[in-house]
J.: 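There's a structure below that I have some questions on.
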Amino acid sequence: MLKQLAEEGVRSLAIFGLAKNAGKTTVLNALTQEAEDVGLPLGVLSVGVDGEERDVWSLKEKPAVRVTAGTLVATASSLLDFQAGGWELLESLPFHSPLGRVTVARALRPAKVKLAGVTRLEAVREVNRCFRLRGVRLTLIDGAYDRKAAAEPGISDASISVAGAGMAKTLEGVVRKVETFIGIFTLPDSGEDETLREAGLTALREGRLAGVCEGKVETLPFSSLLLRSDDWEELIGRGAWTVLAIPGSLTDATLERIAAASPLTLLLPDPTRCFASLSAVRRYYRQGGEIRYLSPVRLAAVAVNPVSPEGHAFDPSELKERVSEVCNPIPVVDVLRDDLTAHSPFRKGKTGNSGEPAAGGELSVDG
Amino acid sequence: MDEPTEKALLWHRVWSRFQPSTPMGQQAKGLLSPFMPGEERQWQASLSEQERIMECRKKRPDWASRVEAHLCRLPDIRPILKRMRRGGTPGVADWFRVKQFLWEGRACRRRLAEAGLERALPGDEGRWEAVLRQLNPESRLHPSFSLSDAYDPELADLRNRWSEWDRRFREAGEQQADNVERDYGIRRNLEGEWVVDRRFADLPRLQADPRLRMVRGTPFEWIFQPVQTEEEKEAGACRESLQRRLEEKEAEVLHRLADRLRAETDFLEQAVREVKRFDLQWARVRAAETWEGTCPTLSQGEYRLEGGVHPAVQESLREEGDGLTPVDIRIRPGATVIIGPNMGGKTLALQTLGVVVALGQYGFLVPARSLAMPLVPWMAGVIGEGQQAEAGLSTFGAEVDRLARLLNRPSSGLLLLDEIGRGTNPVEGAALSAALTCYLAENRHWAVHVTHYQEVMQVEGIRAYRVAGLKQDDLPEPGEGEWKRELRSRMDYRLLPWSEGDEVPREALGIASLLGLPEEIIESARQSMERAGRDETGNPDY
């Protein structure tokens with residue numbers, strides 16, 4: 001999977017959990033192993049420190065990330081003292097993790113390391129830059145629990161989400177949650193529509209709403225859709241909008257408010273900004289509206305983990321099969337049971353997800 | 001300079017332009033002291049060095065950017081040196097920081113040598129390199145750090161043997177596992193475990209197979225791990241033993257390194273001090289570049305300021321599209337008085353003098369065409385509203401309280417006074433203001449007193465200035481658009497020496513009218529003044 005991603009030009013891959021203790025570290029370890037097997041120079045960093053104490057598979061104390069010789073890591077330099085002879089410390093970066101200044105180091109032999117997360121987007125970009133200068137072809141970004149932000153297009157080129165048994169007490173519950181996530185994450189992008197793209201870029205550049213009226217883009221004097229009634233009426237009354245590009249987030253409440261006024265095309269910067277529920281999104285589509293993303297996230301795969309840290313477990317084959325049904329055509333992998341190299345990452349067309357959403361996002365289904 | 005003075009002079013807005021690049025410099029900024037009487041030679045040397053740095057920066061901006069980049073990457077190694085002094089052994093992360101310091105410090109020193117400034121950092125090129133090589137045993141110098149094989153021949157041997165036994169251990173395990181997988185048609189996961197469905201047909205045989213052991217189960221699966229073979233056990237034990245020896249050897253190398261570098265602690269501490277000192281100089285120059293600083297000179301007992309500007313006020317006015325009239329003034333021990341119309345820039349002249357002199361005393365190139373100054377043990381201001389409600393003091397009370405404490409100071413300093421006595425009734429206020437000026441005229445302080453009171457101008461022995469002010473009847477009309485800008489453009493803010501016979505400026509009513517006070521009030525005040533004038537002089541035309 002990794003080799004193919006690298007060949008397709010993916011230079012950073014985010015791994016993020018859909019719930020706490022989803023099994024992210026296990027996936028990360030599987031990927032570092034795969035990178036070694038296929039000879040891919042790898043860098044690893046984390047975008048936050050989460051509180052997981054135990055590994056979800058073995059229920060033992062949570063292991064640090066395993067890296068092979070030659071792998072580059074970005075972490076607090078103090079965390080490298082535990083295996084003093086195992087690291088070459090290369091560069092100290094001008095920002096701090098919660099555990100101290102971030103240092104880039106190369107593993108001289110197979111090692112285990114705790115990753116102290118960097119917290120700012122610019123810092124992630126700086127680490128990526130440093131990795132690339134030193135020959136890294138693919139950076140794995142460990143997005144701490146529920147850090148979907150790691151999947152932001154500005155941070156990573158593609159992502160793998162991890163769904164674990166801990167997401168719900170029942171298999172059905174897990175499948176429904178994955179379905180919601182997939183439905184939201186794989187909504188269409190702006191495609192080849194230049195006006196739509198211009199509106200989205202204007203909204204991002206200005207930090208304000210941008211509307212399209214009679215084919216022309218207009219910047220509006222509002223930074224979000226959290227508006228007072230009179231502002232809201234002014235917005236709606238200003239023109240016959242066909243598109244509204246939002247620089248920030250979308251929630252159920254704002255979606256319903258727009259639907260009540262006039263369903264139109266809403267353009268968000270990327271899927272990590274959509275906090276609306278799948279049912280609200282479905283309703284909006286039924287009412288004639290549409291939601292698109294300026295920059296889609298390439299979801300390369302969904303990893304599943306059938307064992308919950310709370311003690312319950314699902315039948316691994318059944319979980320994988322059910323999750324695959326709602327993720328199709330995005331591949332679903334179980335890194336402890338499957339051969340990763342046998343799976344191809346998902347890629348939909350050159351422009352990303354332009355077209356229909358994945359199976360989980362079937363918007364004609366009642367929500 | 002105390003806090004009220006700093007506040008009154010808008011000092012923080014100027015001080016914030018002084019930004020050292022290294023952590024040591026940033027910390028030192030908070031503790032920086034001004035140069036004191038007796039330190040005149042060091043003061044002049046420091047200023048001369050800054051002039052040289054400024055010239056180099058101006059001539060070679062690229063060179064300046066490179067020096068700046070090295071300074072920004074210099075880490076603070078003082079905690080590590082302190083630990084070494086106490087006999088501690090730094091870890092690899094610490095050594096990396098020390099090496100970074102040496103690497104960047106040496107590079108910075110080389111850059112400075114290009115401009116003939118290498119003496120700013122201690123030692124010579126050879127010394128820096130010799131210490132750096134302690135942390136770089138390979139022949140090629142590089143900025144990274146690891147416990148490389150070059151530190152000890154035994155390290156390489158142990159590492160090779162460890163790798164060999166690790167390979168044997170893995171191969172032995174692989175062999176056995178491959179056999180199991182061939183026999184049962186199952187595959188290990190990346191954890192080296194077999195996850196087997198409970199419905200697996202060969203499960204009983206698998207459970208009985210001595211080559212595996214069941215480690216845990218779920219309602220759906222059993223998880224097996226391989227049982228180690230004798231060969232694997234032996235390889236594992238050798239690997240473990242080598243791992244321990246390797247760790248011991250690595251710890252030994254770290255100790256040895258600490259012992260060797262401990263001998264260099266004096267040099268490293270001196271290097272840190274000098275880097276910090278140079279960083280402060282560099283940051284002073286960068287700040288002074290923002291106000292086109294010039295070098296102050298030492299004078300005996302007199303301040304001579306020409307073309308002085310307040311950098312923060314100049315910046316604000318520039319943003320509004322206005323210029324600033326520079327301040328020219330001479331201050332001798334005794335009292336210097338400034339008189340002028342309202343909004344004539346008297347207080348700004350006082351603030352400008354204070355800021356320029358304070359920057360000079362803190363060793364900066366100053367925002368002035370020229371400044372000659374003595375070094376004094378203190379400067380303080382009584383400027384602006386000083387009401388201290390929490391201390392139970394009114395404006396007048398706070399002012400007098402502060403003044404009393406300043407006048408009682410044992411040594412002579414620069415005293416900046418803004419309209420003393422304005423907070424009480426005009427008769428007593430004027431009397432107090434004049435008496436204070438008289439006291440200061442005979443005193444040892446360098447006192448500058450801004451006032452409106454005519455009585456003050458009659459004190460003997462003072463040096464006085466007046467704000468040139470507005471030309472006769474040149475006030476803009478009330479309600480005239482941007483009256484503030486209008487007023488600024490018509491006001492002549494220059495300080496001119498005051499000579500006997502000069503009129504005391506009276507433009508308060510015109511300015512009050514401009515500010516929008518109802519005309520009936522202004523008119524009533526005018527009539528009242530005329531009446532008072534007739535009563536005093538008997539001349540109805542006063």
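Worth knowing before you read on, the calculation uses all heavy atoms, side chains too, and leaves out hydrogens, waters and symmetry mates. A quick note: this is a predicted structure, and the numbers were derived from the prediction, not measured. Proteins come first, then strands; the chains are lettered A, B, ... in the order of their sequence lines, and each starts at number 1.
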J.: Counting a contact as any heavy-atom pair under 4.5 Å apart, which residues of residues 80-91 of chain A contact chain B?
T.: A:L80, A:D81, A:A84, A:G85, A:W87, A:E88, A:L89, A:L90, A:E91
J.: Considering only heavy atoms, which portion of B:L254 lies under 4.5 Å from any heavy atom of chain A: side chain, backbone, both, or neither?
T.: side chain
J.: Between A:S92 and chain B, with a heavy-atom cut-off of 4.5 Å, which part of the residue counts as in contact: side chain, backbone, both or neither?
T.: both
J.: Under a 4.5 Å heavy-atom cut-off, does chain B meet the side chain of A:L108, its backbone, both or neither?
T.: side chain
J.: Return the minimal non-hydrogen interatomic distance between A:S78 and B:A93, and the atom names on each side.
T.: N-CB, 4.3 Å
J.: Heavy-atom cut-off 4.5 Å, strictly under: side chain, backbone, both or neither for A:R106 against chain B?
T.: neither
J.: Checking an interface table here. Which of residues 127-137 of chain A come within a heavy-atom distance under 4.5 Å of chain B?
T.: none
J.: Taking the side chain as everything from C-beta on, heavy atoms only, tell me whether A:R337 gets closer than 4.5 Å to B:R187.
T.: no
J.: Restricting to pairs with a member in residues 84-98 of chain B, which pass salt bridge (Lys or Arg N to Asp or Glu O under 4.0 Å), not counting sequence neighbours?
T.: B:R83-B:D94, B:R85-B:D266, B:R85-B:E269
J.: What residues form a side chain to side chain contact (heavy atoms under 4.5 Å, CB included) with B:R78, not counting sequence neighbours?
T.: B:M24, B:Q27, B:D76, B:V272
J.: Using a cut-off of under 4.5 Å on heavy-atom pairs, state which of B:S144, B:P75, B:A251, B:G91 scores highest against chain A.
T.: B:S144
J.: Checking side-chain contact (heavy atoms from CB on, under 4.5 Å) for the pair A:R109/B:R159: CA distance, chi angles, key distance, verdict?
T.: CA-CA 10 Å; A:R109 51 180 186 248; B:R159 282 170 179 165; 4.0 Å; yes
J.: Taking all heavy atoms of B:F220 and all of A:F314, pick out the closest pair and write down the distance.
T.: CE1-C, 3.0 Å
J.: About how many Å separate CG of A:D315 and CZ of B:R198, when rounded to the nearest 0.5 Å?
T.: 11.5 Å
J.: Taking atom NZ of B:K29 as the centre, does the number of heavy atoms from other residues, nucleotides or ligands within less than 6.0 Å exceed 12?
T.: yes
